[in-house]
Every structure is written in structure tokens, then in C-alpha cells.
Amino acid sequence: MVPAWLWLLCVSVPQVTLEMQDGHVLWGPQPVLVHVKDENDQVPHFSQAIYRARLSRGTRPGIPFLFLEASDRDEPGTANSDLRFHILSQAPAQPSPDMFQLEPRLGALALSPKGSTSLDHALERTYQLLVQVKDMGDQASGHQATATVEVSIIESTWVSLEPIHLAENLKVLYPHHMAQVHWSGGDVHYHLESHPPGPFEVNAEGNLYVTRELDREAQAEYLLQVRAQNSHGEDYAAPLELHVLVMDENDNVPICPPRDPTVSIPELSPPGTEVTRLSAEDADAPGSPNSHVVYQLLSPEPEDGVEGRAFQVDPTSGSVTLGVLPLRAGQNILLLVLAMDLAGAEGGFSSTCEVEVAVTDINDHAPEFITSQIGPISLPEDVEPGTLVAMLTAIDADLEPAFRLMDFAIERGDTEGTFGLDWEPDSGHVRLRLCKNLSYEAAPSHEVVVVVQSVAKLVGPGPGPGATATVTVLVERVMPPPKLDQESYEASVPISAPAGSFLLTIQPSDPISRTLRFSLVNDSEGWLCIEKFSGEVHTAQSLQGAQPGDTYTVLVEAQDTDEPRLSASAPLVIHFLKAPPAPALTLAPVPSQYLCTPRQDHGLIVSGPSKDPDLASGHGPYSFTLGPNPTVQRDWRLQTLNGSHAYLTLALHWVEPREHIIPVVVSHNAQMWQLLVRVIVCRCNVEGQCMRKVGRMKGMPTKLSAVGILVGTLVAIGIFLILIFTHWTMSRKKDPDQPADSVPLKATV
């Protein structure tokens, strides 16, 4: 026999070296390979003479359940060692002689399709196969060997399993056994697949294990496929399917929905209006008590002493609705709602859900004036149009700026368009202005009613009409300033003129329509005085220091007695003249006259000297003044009636009852006279008759005769005294203010 390997011989040959010009060696000592040709001189043989195998009913056809092994010592890879397997015979041959098939090259013994069909009905329990192995491949010649295969037919134990229920979070030792599968045939390898992948495994005996705790919320169900395979990984039969159901336990907290943006709800929304609907998620098994979530409102809590709540929560649906308590615009309320699983039973989990509610404003408030009555406001009738009359302010309790926009109008009291309004659109201040001239005669007063209304439409119960404010305007009559009858005045006076000398009369241009009050300004020397109402200008004192030819200027000011702010003025220039020769001051007797005190409404008329030809050098007019005595000027008043007469009255209410000598200075041109007016001031009765005291009567007894009479006639004197006393007492009762010894005296002029 030639060995089936090559011998490597190294044969020595003469040393021959072939070199190139560049020094490379082209030839040197070389080894020699010797190939020994193989011949088919080896007989194949099986690894064992008898093979025994178990075949389970239900094995799929074509799936090898036994692999025959044979060897040939000829050169590998040559036809000499190319082995082929064949079934020579099958015993018994029922129900089909071709129950099995043998793969020629691999020696894989499997159930044939015909055998698979017949095996389930076959009664035989054992089959004996004679198998052959031959070299030389598919050639007819070659060496061969045989072996026996005993196949035992057994009932299939490859049956489906009932679903397995495993509790989640199971606290046991892992791996934890849960089931077992069994392939009744031999040479089996089990393979497990989980859909979806899960913590499961199978061992060589077909025991199924779970390797760790399960979480139902992560995966509630698994489908396991267990395969029975041969050593080449081919399935003997269809894989077994095993359902693993993870049983739920309450291990999950209800999860509140993500906090949404603020929920807006309009104010005055009716009770029952849905604000939002909560839907807490519980990852536990749907429909189980573990995922049955109920709701409870935690906050806001009911107010003390107030029935009802502002919000309500339906425990089952989680619907948050408005309660009976009203909400105010501008409120931001955080609702806390408790979500509980196990339907709120003890031992469950809970979470607190938050809902932020903003109460939005609606236009439910009508604007109102802060003051409904303004004035009265006085305006002169000559005030210019455009003048601000009054500023009115209105407020709106709404919060939304668009709802606080107001519109103003004059509702009544201005039919002629005398007034107007202007305001800023976003302001609550409105200005009442004058648009036309006022007239006191046309309308001495105005009552302007201004109405304010919301620009946006009002909503809500009973918004009512717009609010009003009444502005009362009083028109003030404007009087023109007074005018004097002259723009300037001049008068001449001798420097020797006594105090009280009449100079001139200042008169208004319209003395009938108004009354003026006169005064002097800039009378630095105090030489002049003016009657407040008559306007007569007199010298107030002697003109001491004045020089002839000089002028003295004062300012005459006239004020309206009804409107003191209205006045007029004019300069008064006094020209001083040379004093005339001093005339003899002639005393003119005047008959005695009487006046009553306390003062009554009558006086005395004083006549000028023109009635006396001995005293007068001509005719009037005359001027009359009181003498310079301060007491006389204080107690008496002398008023010129015309150019020849003056009127003398008491200046005080009470003057001492007695005889008074009143000096009256009468002047005409450069002549002056002094009249001594004798006035008896006395008490008067109710008829205005002066009462005078009676003097001592003639023929009254002397003291001596009286004593004699008294001594002789004591009784008569006593009676007489009693009568006198009684008479005196009765007289005093009649007029307690009248002296008992006064008798009427008829007044004479």
C-alpha cells in the first residue's frame, strides 16, 4: 500500500550557481516534491453496527432524527473516500415500504413525506432499517459496508401548554420555574424565543424559567415559542406557543395630566359651567380597581360661615365646574384636586393635580361719575369761548382696558350749544368748555347734564342707563366801569379860605342808574375832603403853606357801591388864589330854635344873609359850612339845600339836652359871614314837643312865714304834703322819662 501522503525528498545535486550581472542568484540547491498516488484499497465502515433512535409521532418529514457516521481511510477529497448512504431495506414494510429517507451524502435519516402521512395511522412500534455506506461516490463500483438502524415509534408529548399567569413584581428566587415542555423523540435540543423579548429561558430538559421580576406596565403579555430541534438546529415539529400573562398589582400612582396653561373663565358665569376636565392616567391594568381613579377637590376650601363653594369636582368624571359662590374678575385661583386609585379606597395611591383658573373680566359695570353735582360755578358773562368750565371724572369698575373706554355727551340743559365736551379716549376725565358767549339777560344760569356711557356693549344683569352729572353755572352780570361827567376837574380857591369852604361837586355821567362812593387819593397835605356820596369837595383845613399861583393836584376816585371792583378816577387841580382883603366877619343873630334828643327825623333850616340888607352886599349863591370847632363838627351836620338855605340836623343819636350855639360860616365870593344859630336840645314827648323846666313862682311864702304856718297848721301841711306826693307819684307813672316839672314849649323857627 502506498501511503496517502507526499514524501518531500531533498536530493543533493552538484552545486551550480547562476548569477546575474547585478549579483542576483538565479539558481541554487532546490527541494524535490514526490507525490504517491492513492488507490481505493480501504473499505468504509460505520461508527457502530447498530443504531437506535426514537421517533415521535408528529415529527415533520425531512427533518433528520438520526445522523449516521462512517469513515474511509483513503485519501480525503478523492473518489476513494467519497461516501454515499442508502437504505437497503425496511422491516416491516407497512404501512409503506418508504417510511424513511436517508440523505446520501450526510447520512441524515428522516421521515419521508409518505411516512409522515402514514406514521400517525401505523400500528407498528419499531422499524428496522438496513443501511449501506459505499465509497467511490455515485459510481457503481467501490467498497461498501452495512449497519442496522432500529427506530422506535413513540407517542408525541409535544403538546401546547395553557397560558401562564405570573404576578408582576413577584418576590421569589430567580430563575423561577414556570412550566416544562418535552419532545418524546431523541437527540433533541430546545430553543426558546420570546415575543417581545423577555426574561425567559429553557434548559436541556425543557424546563421554562423566568429570570427576573416582571412589570405589567412595561409589558403585560408575552408569547413564548419553544422549538424542539435536532443537532443541526432543525425543528422536529412546529414550535409550541406559550402565552405568559403578567398579572397586575396596584404599584402605580395616578399621573395627573400635564399642567395646562391657565384656564380662563368669564366672571358671572352661571353655576355648573365646566372649567376643565381632569383625566389622571393610572398605568395599572385598565378596568381594574387598581386603575379606577376618583377625584376630590382639596383647595380652595369652603369659607367659614359661607354656604357652598366656588368650584365643584365630579368624583367620577373629573369634571371641574363652577359652584354657587360668584367669582370676581381678576382673580387667579389655583385648584388642587386629589386623584386617587382603588376608587378612593384605603391603601391606594394618590396624586395632587393642579389647575390654574383666571377669572376674566366682562363689561358688566357701567361708568359712574365720582361727583354727580358740580357747582354752582360762577362765570362772568364776558368770559371768552373755549374757557374751561369744569372737569368731570368718571370711573369704571371693569378691569379690562377695552371695557373702561367711555363716551360722554351733554344730555340736556344746553339746547343752544353754549357748552361742549372734550376728552381723551382712554381717560375718564372730561372737560366742559364754553363754546359761545354767555348772556346774563338771556340766561342767568345753566344746568348742564352730562351723561357717560361705556363704549363697549354692557353685559350682565341690569346694566342700567348711563350715569349723569349736573353742572350748575351761574352767569355773573358784567357792569361797565363808572364814568365821571368830566375827564379832569379844576377849581380855584383863595389861600385864605377857611376849613369847610366849598370848592366843587364831582358827579357821575349817569347819576340815575348807579350810586358812587367818592374818595381822594394823593391828598398829601390833607387840605381837601370829599363827601362820600354827594361828591362835594371842601377844604378840610386852612390852606396853610399854600402860595398864590401854585397848583395842588389830587386824584378823585369813584367806586360803584354795588360793584366795588368797578371804579373811575379823574385828576382834580386846585389853583390857589391871592387872598382878598379880609372882610369883617359879621355876626348875624338867628332866633332860637329847638331839636329833640334822642334824634328824630327833623332839623332846622338856616337862611343866608341875603334876607338882611344890612349884612348882604349882594345876592347868592352862598355856601354853608360848620365852624371849625371839632365838637361842633362831630355833633352836628349841615347840608346845603340850595344857594340860599342849608339844613342843620344832629349828627349823633344823643346830644346833651341844653342850649347850644352853633357857628355857621356863610361865604359868597370873597365875603364871609358867621351865623350863630341858637338851638335848644331838649327831651320831647311822643308828639315831638319839647319839654322845658319851670322856674320859681312869684308870691311863694318865705321860710319864716312857712315855719309859722307849719307850726300853726301841722295837720293842714301834712294833708297837703300827702296830696303833693300822690300827685307826683301818679305823674311819674304816666311818663317815667319826663321830668315832673316840665311843661310843653311850642317850637318857633
Side-chain angles (χ1 to χ4, degrees), residues 51-67 106 108-111 115-117 119-120 125 151-252 282-291:
Y51 292 91
R52 293 181 175 83
R54 291 177 299 174
L55 179 62
S56 175
R57 296 182 187 273
T59 301
R60 293 191 298 179
I63 302 302
F65 59 89
L66 178 64
F67 289 90
L106 299 178
L109 181 62
L111 193 63
S116 175
T117 303
L119 185 61
D120 293 337
R125 294 291 183 179
V151 180
S152 299
I153 305 301
I154 61 177
E155 295 298 327
S156 176
T157 58
W158 195 248
V159 293
S160 298
L161 301 177
E162 293 294 330
I164 298 175
H165 293 79
L166 290 179
E168 64 174 333
N169 306 319
L170 186 62
K171 305 300 181 183
V172 294
L173 184 64
Y174 290 93
H176 175 63
H177 184 269
M178 47 178 199
Q180 184 179 14
V181 296
H182 181 259
W183 177 254
S184 54
D187 190 23
V188 63
H189 300 276
Y190 297 105
H191 178 72
L192 176 66
E193 295 179 359
S194 174
H195 302 281
F200 304 98
E201 64 181 21
V202 62
N203 63 6
E205 288 75 28
N207 292 309
L208 302 178
Y209 295 92
V210 57
T211 59
R212 57 179 172 83
E213 293 182 9
L214 299 178
D215 184 2
R216 193 210 66 83
E217 288 69 43
Q219 184 62 40
E221 183 177 352
Y222 295 90
L223 176 60
L224 304 184
Q225 289 184 334
V226 185
R227 300 178 182 274
Q229 299 176 336
N230 59 22
S231 58
H232 286 212
E234 297 172 301
D235 293 346
Y236 286 122
L240 293 182
E241 291 187 350
L242 176 62
H243 288 272
V244 178
L245 303 178
V246 184
M247 300 177 61
D248 182 49
E249 69 173 18
N250 191 24
D251 59 342
N252 285 278
D282 194 307
D284 291 319
S288 69
N290 297 335
S291 61

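- No donor-acceptor pair under 3.5 Å is formed between the side chain of Arg212 and the backbone N or O of Tyr174.
- Within the 4.5 Å cutoff, no side-chain heavy atoms of Phe65 are placed close to those of Asp187.
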(request) Might you work through the side-chain contact (heavy atoms from CB on, under 4.5 Å) test for Thr59 and Trp158, ending with a clear yes or no? (result) CA-CA 10 Å; Thr59 301; Trp158 195 248; over 6 Å; no
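- Qualifying side-chain contact (heavy atoms from CB on, under 4.5 Å) partners for Thr117, counting only residues two or more places apart in sequence or in other chains: none.
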(message) Could you go through Asp235 and Arg60, starting from their C-alpha distance and side-chain angles, then the distance that decides it, and tell me whether this counts as side-chain contact (heavy atoms from CB on, under 4.5 Å)?
(response) CA-CA 8 Å; Asp235 293 346; Arg60 293 191 298 179; 2.8 Å; yes
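- For the atom pair Arg227 CZ and Leu240 CG, the distance stands at 10.5 Å (nearest 0.5 Å).
- Closest of all the heavy-atom pairs between Pro196 and Ser194 is O-OG, 2.6 Å.
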(message) For a side-chain contact (heavy atoms from CB on, under 4.5 Å) check, start with the C-alpha distance between Asp284 and Asp251, then their side-chain angles and the critical distance, and finish with the verdict.
(response) CA-CA 7 Å; Asp284 291 319; Asp251 59 342; 2.8 Å; yes
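- Using bins of under 30°, 30° to 60° and over 60° for the plane-to-plane angle, the ring pair Tyr236/Trp183 lands in the parallel bin.
- Residues satisfying the side chain to side chain donor-acceptor pair (under 3.5 Å) test with His232, not counting sequence neighbours, are none.
- Partners of Glu201 under the side chain to side chain donor-acceptor pair (under 3.5 Å) rule, at least two apart in sequence or in another chain, do not exist in this structure.
- For the residue pair Asn252/Asp282, the side-chain donor-acceptor check at 3.5 Å is not satisfied.
- Judged as a side chain to side chain donor-acceptor pair (under 3.5 Å), and not counting sequence neighbours, the contacts of Ser184 are Ser56.
- The shortest side-chain heavy-atom distance between His243 and Leu223 falls under the 4.5 Å cut-off.
- Legend: residues meeting side-chain contact (heavy atoms from CB on, under 4.5 Å) with Val202, ordered by chain and number and at least two apart, are Tyr190, Leu192, Leu208.
- Taking both residues in full, the closest heavy atoms of Glu234 and Pro64 are given as OE1-CD, 3.3 Å, listed atom of the first, atom of the second, then distance.
- In this structure, His195 contributes its side chain and Pro197 its backbone to no donor-acceptor pair below 3.5 Å.
- In this structure, the side chains of Gln225 and His191 stay at 4.5 Å or more apart for every pair of heavy atoms.
- Leu55 is listed as a side-chain neighbour of Leu119, based on a closest heavy-atom distance under 4.5 Å.
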(request) In sequence, state the C-alpha distance, the side-chain angles, and the governing distance for Leu109 and Tyr51, and then conclude on side-chain contact (heavy atoms from CB on, under 4.5 Å). (result) CA-CA 11 Å; Leu109 181 62; Tyr51 292 91; over 6 Å; no
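- Applying the side-chain contact (heavy atoms from CB on, under 4.5 Å) rule to Ser288 yields the partners Asp248, Ala285, Asn290, Ser291; only residues at least two apart in sequence or on another chain are considered.
- Here the NE2 atom belonging to His182 is positioned 10.5 Å from the CG atom belonging to Asn207, to the nearest 0.5 angstrom.
- Put simply, the side chain of Glu168 gets close to the backbone of Glu249: a donor and an acceptor are under 3.5 Å apart.
- A donor-acceptor pair under 3.5 Å is formed between the side chain of Thr211 and the backbone N or O of Pro199.
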